[in-house]
Amino acid sequence: MTAPMIRQLSDLRAQVASWKAAGETIGLVPTMGALHQGHLSLVAAAKAACDRVIVTIFVNPRQFNSAEDLANYPKTEEQDAQKLKPFNVDALYVPDGDQIYPEGFSTTVSVGGVVDVLCGAARPGHFDGVATVVTKLFLQSQADQAFFGEKDFQQVQVVTRLARDLDIPIKVVPCPTIREEDGLAMSSRNLLLSDRARVYAPELNRAMEDVAESVLAGNDMAQARAAALARLERAGFTKVDYFELRASDDLRLLQRPDVPARLFVAAWLAGVRLIDNIAVG
Ligand code: AMP
């Protein structure tokens, strides 16, 4: 069934009110569209956990650092609706811009601490944009649970903290990263890769897997990292924003995985910024 498309907040509120009155639980899957299996895995998790599922598609201008990046972001609304068909979601909320940022909108939600590193440092203002739109979507949908991908691990930390700090009664559910067969993490941005760049893109994940194995074997992170950076350069990556080992709980920088740890990487290939992260151990 094609999901009923909702563009106005008043219509969303009316729908949500009727579900709440019937005592039904609501799951929320926020996306920026150009849906792939990673997004659909969140939808499946939401369907399994909640009576009603709302998928949102909103390309949030406030979380982009450049107008060009925003303009190039893939938009595939019709195909997205088709991909959602088998899941029988209860609403596809594609808000008009003024339903999120009405004229005079002047509030920013800013989470401290975890935003100072990784993508927060590389993309100033990015997580303020994310936190602001996610807060709005949490409050607009009044969902009981919201599903986010660990592909954006730092984002999961940011939205978990904002829900806790602002007493928003919603459970943030992290879901595992879905990958292509060659290991490349699925991402809407993969659509922007040239055929040639697509061939080399999985090197990012392979480099991380090698570093994980190396540091688990007791080798020095700095050396493993240097080898990985050289490998990425050979594969055609032009810039690495970060390639770091960090604690899974608070993202503090580590030299060795002596607590639960993850490797985080962001790197540019043929003008496209790819990010990935994996658990170490
Ligand atoms: P986006 O449309 O890129 O903003 O992503 C929307 C949601 O899908 C976020 O919670 C992402 O973390 C999640 N997501 C994106 N790619 C993947 C993936 N490969 N596996 C699992 N979740 C993903």
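Below, all heavy atoms of this structure are taken into account, side chains as well, without hydrogens, waters or symmetry copies. As the structure lists them, so they are numbered: ligands from 1, and atoms in each ligand from 1.
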Any N/O of F148 closer than 3.5 Å to an N/O of ligand 1? no
Less than 6.0 angstrom from the centroid, inside 45 degrees of the normal: does R62 satisfy that with respect to the ring of Y101? yes
C175 N/O under 3.5 Å from ligand 1 N/O: no
Please identify which atoms of ligand 1 are closer than 4.0 Å to at least one heavy atom of P30. 6 (C), 7 (C)
Show which atoms of ligand 1 fall inside a sub-4.0 Å distance from at least one heavy-atom site of L42. 7 (C), 8 (O), 10 (O), 13 (C)
Between R225 and D220, is there a salt bridge with N-O shorter than 4.0 Å? no
M186 heavy atoms within 4.0 Å reach ligand 1 at atoms 16 (N), 17 (C), 18 (C), 19 (N)
With a cutoff of 4.0 Å, is R179 in contact with ligand 1, counting heavy atoms of the residue only? no
Please list, in number order, the atoms of ligand 1 under 4.0 Å from a heavy atom of Q155. 9 (C), 10 (O)
Is it true that Y73 and F64 have ring centroids separated by less than 6.0 Å? yes
Quick one, K239 and F237 - any side-chain contact, counting heavy atoms below 4.5 Å? no
Proximal atoms of ligand 1 relative to P176 (non-hydrogen, under 4.0 Å): 20 (N), 21 (C)
One residue to check: K151. Relative to ligand 1, which of side chain, backbone, both or neither has a non-hydrogen atom less than 4.0 Å away? side chain
Does ligand 1 have an atom that lies less than 4.0 angstrom from a heavy atom of H36? yes
Among non-hydrogen protein atoms, atom 3 (O) of ligand 1 lies closest to Y73 OH, 3.8 Å
Salt-bridge criterion met for R252 and D249 (N-O under 4.0 Å): yes
What atoms of ligand 1 come within less than 4.0 Å of a heavy atom belonging to D152? 11 (C), 12 (O)
Mind running side chain to side chain donor-acceptor pair (under 3.5 Å) on Q99 and Y93 for me, showing each step along the way? CA-CA 11 Å; Q99 303 299 288; Y93 181 44; 5.3 Å; no
Nearest-neighbour protein heavy atom for atom 22 (N) of ligand 1, which is reported as residue plus atom name and distance: G149 CA, 3.5 Å
May I ask you to test the L84-L92 pair for a side-chain heavy-atom distance under 4.5 Å? yes
What protein heavy atom lies closest to atom 1 (P) of ligand 1? Include the residue and the distance to one decimal. H39 NE2, 3.6 Å
